[in-house]
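Worksheet: the structure to be examined is printed underneath.
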Amino acid sequence: MGLLENKTAIVTGSSRGIGAATAKILAEEGAAVVINYRQKAPRANKVVAEIEAAGGRAVAVGGDLTSADDVDALAQAALDSFGSLDVLVLNASGGMESGLGEDYALKLNRDAQVNMLKAAVERMKPGSRVVFVTSHQAHFIDTVPTMDAYEPVARSKNAGEKALRELIPSLTEKGISFVVVSGDMIEGTITATLLDRAAPGAIEARREAAGKLYSVEEFAAEVAKMVTADVPTGHTEYVGGAGHFQA
């Protein structure tokens, strides 16, 4: 019996990268997982196939988190497919893509996160958990400057974290806990690739400063741990060199 037997989890932005790796771990622990993607249906279906091949349960659900209808449909898909919604991992983020409009980062990293949480909470029972995934660069943006190319993303993710934290009292009333996982730059992610393009050497510099950067799989394991970890609501789990930011 896994820790998450008979539980259902939604992982946003889980057709690739950290989201996909986290979803696979949760499935290994017994959870039925809703794999969410914005455009990459074949990738999402591949993640589902890998989970099913390993004996797990999963379904792929397309949806743009900046669309209220899509968010509601995504939350409902957990109930329709597996009968409950017990875990929400808010992993999807963005804002470094070009051509999506100036306020896209805020729409996705703040407004969409809040809307997704609210839609999920309507369907969650006491004992459920929400995990929000962010970066040290975003979490500490008020005190530690970041690379220019990443600043709009960092500020919008920070705004998202603050907006979500404001909902903790209402979550507590419903018996739902909320945990933040903050990580350093992660090797091999889209963000890292885009950042290195915008500011060549940025990742190497961060790697040297931190001593080591986590891989996608290593970071996903830490995110998955926080789904069942015995920590108080509002807890922030720092993954990788946060000392530089806290000094």
Side-chain angles (χ1 to χ4, degrees), residues 3-15 18-20 22-23 25-27 29-38 44 47-48 51 57-94 107-134 157 159-181 220 223-229 231-237:
L3 286 169
L4 294 168
E5 211 68 45
N6 301 320
K7 305 272 196 226
T8 302
I10 293 176
V11 183
T12 64
S14 46
S15 66
I18 294 159
T22 302
I25 297 168
L26 298 182
E29 291 178 359
V33 188
V34 177
I35 304 296
N36 156 246
Y37 64 94
R38 188 168 60 110
V47 176
V48 169
I51 288 172
R57 295 176 300 152
V59 62
V61 179
D64 181 341
L65 295 185
T66 61
S67 149
D69 288 348
D70 284 11
V71 161
D72 206 65
L74 176 59
Q76 188 57 36
L79 271 71
D80 293 348
S81 302
F82 303 117
S84 71
L85 174 53
D86 311 278
V87 174
L88 172 64
V89 180
L90 292 167
N91 162 75
S93 69
K107 267 189 199 156
L108 176 60
N109 297 333
R110 182 191 63 194
D111 306 345
Q113 308 296 323
V114 169
N115 292 341
M116 185 72 236
L117 177 70
K118 286 179 172 171
V121 162
E122 282 173 23
R123 296 165 168 92
M124 287 175 136
K125 296 188 293 285
S128 298
R129 173 158 292 178
V130 179
V131 178
F132 176 66
V133 181
T134 188
K157 279 188 75 68
E161 181 181 340
K162 285 175 179 157
L164 291 167
R165 285 185 183 277
E166 281 172 15
L167 300 174
I168 289 176
S170 63
L171 294 178
T172 302
E173 275 173 28
K174 295 185 170 171
I176 299 167
S177 55
F178 175 82
V179 177
V180 172
V181 180
V223 174
K225 259 184 221 164
M226 284 301 116
V227 167
T228 52
V231 292
T233 194
H235 171 78
T236 305
E237 183 73 10

- Item | With Val48, the side-chain contact (heavy atoms from CB on, under 4.5 Å) member among Val59, Ile35, Val33 | Ile35
- Rounded to the nearest 0.5 Å, the NZ atom of Lys157 sits from the CD atom of Glu161 at a distance of 9.0 Å
- Message: Working to the nearest 0.5 angstrom, can you tell me the gap between Leu108 CG and Gln113 CD?
- Response: 6.0 Å
- Message: The test is side chain to side chain contact (heavy atoms under 4.5 Å, CB included); show your working for Val11 and Val223 and say whether it passes.
- Response: CA-CA 11 Å; Val11 183; Val223 174; over 6 Å; no
- Message: Run the salt bridge (charged side-chain N to carboxylate O under 4.0 Å, His left out) test against Lys162 and tell me which residues pass, sequence neighbours left out.
- Response: Asp142
- Would you name the heavy atoms of Ile51 and Ala23 that are closest together and state the gap between them? CD1-O, 4.1 Å
- To the nearest 0.5 Å, atom CG of Asn115 lies from atom CZ of Arg110 at 10.5 Å
- Mind checking the CG-CG spacing from Leu74 to Leu65? Nearest 0.5 Å is all I need. 6.5 Å
- Message: What's the separation between atom OG in Ser177 and atom CE in Met124, rounded to the nearest 0.5 Å?
- Response: 8.5 Å
- Message: Which residues pass the side chain to side chain contact (heavy atoms under 4.5 Å, CB included) test with Lys107, not counting sequence neighbours?
- Response: Thr66, Asp103, Asp111
Expected list for residues 166-176: side-chain donor-acceptor pairs under 3.5 angstrom, two or more places apart:
{"residue": "Ser170", "atom": "OG", "partner": "Leu167", "partner atom": "O", "Å": "2.8"}
{"residue": "Thr172", "atom": "OG1", "partner": "Ile168", "partner atom": "O", "Å": "2.9"}

- Determine whether Leu90 and Val130 make a side-chain contact, defined as any pair of heavy atoms from C-beta on separated by less than 4.5 Å. yes
- Query: Who passes salt bridge (charged side-chain N to carboxylate O under 4.0 Å, His left out) against Arg57, sequence neighbours left out?
  - Reply: none
- With sequence neighbours left out, which residue pairs that include part of residues 73-84 fulfil the side chain to side chain donor-acceptor pair (under 3.5 Å) condition? Thr8-Ser84, Gln76-Asp80, Gln76-Arg123, Ser84-Asp86
- Query: At their closest point, which heavy atom of Leu85 faces which heavy atom of Ser128, and how far apart are they?
  - Reply: O-OG, 3.8 Å
- Item | Which atom of Tyr37 lies closest to which atom of Ala44, heavy atoms considered | CD2-CB, 3.3 Å
- Flag side-chain contact, heavy atom, 4.5 Å: Met226 against Phe132: no
- Message: Treating Asn109 as the side-chain partner and Ser93 as the backbone partner, does any N or O pair qualify as donor plus acceptor under 3.5 Å?
- Response: no
- Message: If you compare all heavy atoms of Gly19 against all heavy atoms of Asn91, which two are closest, and at what distance to 0.1 Å?
- Response: CA-ND2, 3.3 Å
- In this structure, CG of Asp69 is separated from CG of Asp64 (nearest 0.5 Å) by 11.0 Å
- Query: Going by heavy atoms in the side chains, are Val61 and Ile10 under 4.5 Å from each other?
  - Reply: no
- Query: Any idea which heavy atoms bring Leu88 and Ala120 closest together, and the distance?
  - Reply: CD2-CB, 3.7 Å
- Message: Test of understanding: with side chain to side chain contact (heavy atoms under 4.5 Å, CB included), list the residues that count as partners of Ala68, not counting sequence neighbours.
- Response: none
- Query: Taking all atoms of both residues into account, what is the closest heavy-atom pair of Ala78 and Val34, and its distance?
  - Reply: CA-CG2, 3.8 Å
- Message: Check whether Thr22 reaches the backbone of Ala224 with its side chain - one donor and one acceptor, N or O, closer than 3.5 Å.
- Response: no
- Go through the steps for Val87 and Val131 under the test side chain to side chain contact (heavy atoms under 4.5 Å, CB included), then give the verdict. CA-CA 8 Å; Val87 174; Val131 178; 5.6 Å; no
- Task: Identify whether the distance between the nearest side-chain nitrogen and carboxylate oxygen of Glu122 and Lys118 falls below 4.0 Å.
- Result: no
